[in-house]
Amino acid sequence: MAEIPPDIFFNSISELNAKLRAKEFSCHELTQAFCDRMERIGPRYNALALSLRKDAITKAKDVDRELKRDRTRGALQGIPYGVKDLLAVKKQPTTWGAKPFATQVFDYDAHVIERLDKVGAILIAKLSMVELAGGGDYRTAAASLTGPGLNPWDRTRWSGGSSSGPGAAVAAGLVTFAIGSETSGSILTPSAFCGLTGLRPTYGLVSRQGAMALSWTLDKLGPLCRSAEDCGLVLHEIAGVDLQDPGSAGRSFNYNPKYARKPADITIGYMPVDFEDGAEPSAQPAFRAAFEVIKSLGVTLKEIQLPEFPYGALVGTIIAGEAGSIFEEFIRSGKVDQLADPHQIAGLKAMLDLPSTEYLRAMRVRSLVKAAFHDLFLNCDMVLAPTRLGPANKVAEPLDALGPPTKSRGGLIPGGNLAGLPAISLPCGFADGLPLGISLLGRPFYENQLIAIGDLFQKQTDWHRRRPPMEE
Amino acid sequence: MDISRRQLAGVILAGTAAAQAPPPPTTEQSGNTELESARSARRTAAQIIARVPLPMTTEPAFQFKA
């Protein structure tokens, strides 16, 4: 058996795929090494929900046979990955991160897993998550069947939610990429907190068939990776039409970096306060430096104002209306009381009292939000802002504990989700030894351009190549 | 041990106060408090949203497409 050098666990998709094709090691050897690492280190961060070693090894041997015959299936062939445990994997437990669903088993694979399977990617594990993707509003990082998601950069800090396992697993080199979900921040937040590049696609671009529904009109699936390029490679394979997802946009996505517009033709909007003194004090120097790097790419930067809306209240009300309906039987049955977070239990129960007029008003105001973002993008191509205004929360503290006061409003995550817009979060430095991220938000179906600017940013910086100080 | 009448009164009052102090909340009571807090948060959100001027012609973002 070939020895798998430790650096391999932090390789990009392209690097790993090239080594597999060059037969530096077999896919079987690589998969075994990743499974060993996942099972050994994953529990340290409460990142592992379920190891899928047996199926992964079988699949890896298939890939080796294909590579032997020079049958290639693209950049993801032979690449080990994980999925958030809200995605169905045939005949395996799919817990949605929640005790009442601990023994739930589906007899089919989620659509994205089928797609990744077809191109030879190797699913090695299901990854932990906040229970029910945080529906009902959780107050502690411990709101999960597997315990609080711990950050590989500092285990006293949270890995973010609700895709806590995907965030920690990619950061710790337990998988090369992971699939997470976002209703409002669940891909971008773990990406920023764990030093990853995460992509939230346009609503409807990636099928959610086989994923737990929290909000039909807000849920999206997307990749958490090490680089913008990796996000493009994964999105290329998972995006596309699916008639089984009523929200499917009927669009495909081809990752075409060479056809991206030149930076000189791109206008990026920003709010000055975000890059002056708007963020948490410890994070301000990194955000200022990142802004200068973006400027140096040759793009046009333009001051903008984010449309004024009560984004948080709108997202909360829409999730309450939709999740209240989705989980109505679960809530009425009393099983909801088995969840870990009392605050979340109460939040779910309160959903059943939501008047239809309140939900409908929120959805009508959402139409105004969408129109306002449409107008915003008449004046710029994308918007730049800190993903989160500071580093990861302390695990021991309530998530709603007040941090340092900030001047920035930080409405880009809920606003972008309400309007169904794509966004990419890029690692951009550190505060208190913890990673920070900046986000680019774009027009609908503007992923190629977001990835292209992200890739240019990552050619000028090495934040995305930094590794957490882990004991192996 | 000598004890003044004032000290004695203090001890008696403290005992009475302890007897009158509410017992620690049960899980059910704590759950009710959380539920009332969640309902209150919902009402607050509704009030905030109601402040947004909304033309009567605005339709909800159903069949949502980005």
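A note on names: the letters A, B, ... follow the listed sequences, proteins ahead of strands, and every chain is numbered from 1.
At a 4.5 Å heavy-atom cutoff, the contact between A:Leu314 and chain B is made by backbone and side-chain atoms alike. Looking at A:Phe373, there are no atoms closer than 4.5 Å to chain B (heavy atoms on both sides), in backbone or side chain. Interface remark: A:Ile318 contributes no atoms to any contact with chain B (heavy atom separation under 4.5 Å). For a residue to count as touching a neighbouring chain, one of its non-hydrogen atoms must lie under 4.5 Å from one of that chain's; by this rule A:Arg139 touches chain B with the side chain only. Both the backbone and the side chain of B:Ala50 come within less than 4.5 Å of a heavy atom in chain A.
Taking the charged nitrogens against the carboxylate oxygens, B:Arg42 and A:Glu358 do have a contact shorter than 4.0 Å, which makes a salt bridge. At a threshold of 4.0 Å, the pair A:Arg200-A:Glu182 counts as salt-bridged, since one of the basic side-chain nitrogens sits closer than that to a carboxylate oxygen. Ion pair A:Arg208/A:Asp245 flagged as a salt bridge, since at least one NZ, NE, NH1 or NH2 atom sits closer than 4.0 Å to an Asp/Glu carboxylate oxygen. A salt bridge links B:Glu36 to B:Arg43: at least one charged side-chain nitrogen sits closer than 4.0 Å to a carboxylate oxygen.
A:Val315 places none of its side-chain heavy atoms less than 4.5 Å from the side chain of A:Ile413.
Per-residue heavy-atom pair counts under 4.5 Å with chain B were compared for A:Val369, A:Asp353, A:Thr317, A:Thr357, and the maximum is reached by A:Asp353.
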